[in-house]
Number of protein chains: 2
Amino acid sequence: MRGPGFGWGRMFRGWGRRMTVPRREILEVLTSGAKHFSAEEIYLEVRRKYPGIGLTTVYRTLEILVQAGVVSKFNFGDGRARYEFADTDKKNHCHVICSNCGRIIDCENLSGEVDFEGVIRKLSKKLGFKINGYHLRFYGLCEECKNK
Amino acid sequence: MRGPGFGWGRMFRGWGRRMTVPRREILEVLTSGAKHFSAEEIYLEVRRKYPGIGLTTVYRTLEILVQAGVVSKFNFGDGRARYEFADTDKKNHCHVICSNCGRIIDCENLSGEVDFEGVIRKLSKKLGFKINGYHLRFYGLCEECKNK
DNA sequence: ATATTATTGAAATTGATTTTCATTTTCGGA
DNA sequence: TCCGAAAATGAAAATCAATTTCAATAATAT
C-alpha cells in the first residue's frame, strides 16, 4: 500500500511532470483512508495541514491522477464527483449507496461470487468492445433510513 | 410496452398531478426508442414536434418521472445526466461505455449469468441495507476506438 | 546560483441544472 | 358549458461544480 514516504516524486517524473507540495498533500489525504470524497472535501482536508492550497489545484491534480489511473472517479448522481485512491488491494470493489441520505459504503470485491471475467469476455466478443473495467453499485436504504 | 396512446393521464392523476401536452410529448420521445438521452437531447427532439417547449419543463418533467420510477437517470461522468424509459422488459440491463468517444451501449440483462439476487441478499444481511436496485456498467474501447 | 518552465492560486468564466415569477393551461364542480 | 382555483409552463435569473485564464511562484536541470 502506498502511503507516507512513498516515492510519489518518481511517479510524477515518470509522467514528465513535477513533484510539488500541493500534489503531495493531496495524495496524503487520498491515501489516509479518505473514501468517496468530493473535490471540495479533499480540499478542506488538505487545507488543514497546508492552508495555502487552492481548490483549482485540487481539481487539476485529481484529474491528472484519474487520467493516470491512480485515482478512481465516480458519479453517484448527487451533482459532484467522488474520488478515491485506486488501491490495488481493493480493485473492483463495488459500492452500496443509500437512496435517501446518500451514504456510500464500500463492499467487498465480489469476484468470488460473480464471474466478471467471463461476462467481460462474452460482452467483448458480442459487442466488439475491448473492456478494461467495470463498476457495480447497489441502491437501497441504509440501516438508519430504512427504520424511519 | 407503454407507447403512443397509453393512458399517461391516468398515471399522472394517480400521482395527484395533471396531464399536460409537454409531459405527453416528452413521454412520446422517451418511449420512441430514445436511449441515454441528455435533457437537452430530449428537449431538441420534443421541440421538433412541439416547438414551444421549454428546457426547464423538460428537466422538471424528467425529475417527476425519475422520482416515480418511470424513468431511469444515469450519470456516466460526462457532466450531464442521461435518461431512459424504465422499461420493465429491460429492467436491470447493464451498460457498456466507451472511455474514448463516450458511446453508450445497452447490453442484455445479465441475470442469467450473475446471481444478483443472491449477492443482494448477502450484502443486505451483511451491511444492514435494504437494497432495491443495482447498476452494472463496463468501461473500455468500442470497436471504432480500439482500432485507432 | 540561475534560467527555464511547469505549476500554482484566485478571479473570471462556463455549462448543466434549478429557482423565480408572470402567464397559461388543466380540470373539477356548478 | 363555463368558471375559478391552482397546477404547470416558459424564459429570465440564479446556482453550483468545475474549468479557464493569467500573473506569480516553485521545481529542477545545468
Side-chain angles (χ1 to χ4, degrees), chain A residues 7-29 36-68 71-83 102, chain B residues 7-29 36-68 70-71 73-83 102:
Chain A
W8 303 117
R10 283 218 316 219
M11 181 178 74
F12 278 99
R13 284 190 290 274
W15 300 335
R17 294 183 184 278
R18 305 181 182 194
M19 185 66 226
T20 66
V21 174
R23 288 174 175 172
R24 193 192 69 218
E25 295 300 330
I26 290 168
L27 280 163
E28 288 298 302
V29 167
H36 323 117
F37 270 32
S38 67
E40 188 186 22
E41 284 167 331
I42 293 168
Y43 163 70
L44 292 174
E45 199 60 34
V46 170
R47 201 174 62 172
R48 298 172 56 175
K49 186 178 170 190
Y50 183 61
I53 190 118
L55 179 58
T56 312
T57 298
V58 174
Y59 274 113
R60 270 190 301 232
T61 302
L62 288 171
E63 181 57 29
I64 288 169
L65 296 173
V66 168
Q67 287 301 312
V71 169
S72 298
K73 179 180 182 181
F74 301 100
N75 291 279
F76 293 117
D78 70 341
R80 44 179 60 187
R82 304 284 165 176
Y83 302 86
Chain B
W8 302 117
R10 280 217 320 220
M11 181 180 75
F12 277 100
R13 283 189 291 276
W15 301 334
R17 294 185 183 278
R18 303 180 182 199
M19 186 66 226
T20 66
V21 174
R23 288 174 174 173
R24 194 192 68 218
E25 295 299 331
I26 289 167
L27 280 163
E28 288 297 302
V29 167
H36 323 119
F37 270 32
S38 67
E40 188 187 24
E41 284 168 330
I42 293 168
Y43 163 70
L44 292 174
E45 199 60 35
V46 172
R47 199 174 63 172
R48 297 172 56 175
K49 187 178 171 189
Y50 183 62
I53 190 113
L55 180 58
T56 310
T57 299
V58 174
Y59 275 111
R60 270 189 300 228
T61 302
L62 288 171
E63 181 57 29
I64 289 169
L65 296 172
V66 167
Q67 287 301 311
V70 175
V71 169
K73 180 179 180 182
F74 301 100
N75 290 278
F76 293 118
D78 70 341
R80 47 178 59 184
R82 305 283 164 176
Y83 302 86

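Just so it is clear: chains get the letters A, B, ... in the order the sequence lines come, proteins before strands, and each one is counted from 1. Side chains included, hydrogens not; waters and symmetry mates left out as well; all remaining heavy atoms used.
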Colleague: Starting at CG of A:Leu65, measure out to CH2 of A:Trp8 and round the result to the nearest 0.5 Å.
Modeller: 8.5 Å

Colleague: Scan residues 9-19 of chain B for pairs that pass salt bridge (Lys or Arg N to Asp or Glu O under 4.0 Å), counting only residues two or more places apart or in two chains.
Modeller: none

Colleague: Tell me the interatomic distance from A:Asn75, atom CG, to C:dT17, atom P, rounded to whole angstroms.
Modeller: 11 Å

Colleague: By the definition side-chain contact (heavy atoms from CB on, under 4.5 Å), identify the one residue from A:Ile42, A:Ile53, A:Val46 that meets it with A:Glu25.
Modeller: A:Val46

Colleague: How long is the line joining CZ of A:Phe12 and P of D:dA29, in whole Å?
Modeller: 16 Å

Colleague: Using a cut-off of 4.0 Å between protein heavy atoms and nucleotide atoms, how would you tag nucleotides 19-26 of chain D 5' to 3' with B, S and -?
Modeller: BBB-----

Colleague: For the side chain of B:Thr57, counting heavy atoms from C-beta on, which of C:dT17, C:dC27, D:dG10 is nearest?
Modeller: D:dG10

Colleague: For B:Arg82, which residues count as a salt bridge (Lys or Arg N to Asp or Glu O under 4.0 Å) partner, sequence neighbours excluded?
Modeller: B:Glu41, B:Asp78

Colleague: If you find the nucleotide of DNA chain C closest to B:Arg13 and the one closest to B:Glu40, which residue's nucleotide is nearer the 5' end?
Modeller: B:Glu40

Colleague: CZ of B:Arg24 versus P of D:dT9: gap in Å, rounded?
Modeller: 13 Å

Colleague: Work out how much the helix from C:dA1-D:dT30 to C:dA30-D:dT1 bends between its end axes, five pairs an end, to the nearest 10 degrees.
Modeller: 30°

Colleague: How long is the straight-line distance from OG of B:Ser38 back to CG of B:Leu44, given to the nearest 0.5 Å?
Modeller: 7.5 Å

Colleague: Just to verify, what does B:Tyr59 make a ring-ring contact (aromatic ring centres under 6.0 Å, His included) with, not counting sequence neighbours?
Modeller: none

Colleague: Round to the nearest Å and state the distance from A:Phe74 atom CZ to D:dA18 atom C1'.
Modeller: 19 Å

Colleague: In whole Å, I'd like the distance from the CD1 atom of B:Ile26 to the C1' atom of D:dT9.
Modeller: 11 Å

Colleague: B:Arg80 has a side chain; which of D:dT9, C:dG15, D:dA17 sits nearest to it?
Modeller: C:dG15

Colleague: A:Asp78 has an atom CG; how far is it from atom C1' of D:dA18, in whole Å?
Modeller: 14 Å

Colleague: Got a second to check how far B:Leu27's CG is from B:Thr61's OG1, nearest 0.5 Å?
Modeller: 8.0 Å

Colleague: Taking atom P of D:dT9 as reference, at what distance in whole Å does atom CG of B:Leu62 sit?
Modeller: 11 Å

Colleague: If each of A:Tyr50 and B:Arg17 is mapped to the nucleotide of DNA chain C with the nearest heavy atom, which maps nearer the 5' terminus, i.e. the 5' end?
Modeller: A:Tyr50

Colleague: If only side-chain N and O atoms of A:Arg23 are considered, is one of them under 4.0 Å from the OP1 or OP2 phosphate oxygen of C:dT8?
Modeller: yes

Colleague: B:Tyr43 and side chain to side chain donor-acceptor pair (under 3.5 Å): which partner among B:Arg47, B:Glu45, B:Glu40?
Modeller: B:Arg47

Colleague: For B:Phe76, enumerate each residue passing the ring-ring contact (aromatic ring centres under 6.0 Å, His included) test, keeping only those at least two apart in sequence or located in another chain.
Modeller: B:Phe74, B:His95

Colleague: To the nearest angstrom, how far is B:Leu44 atom CG from C:dA16 atom P?
Modeller: 11 Å

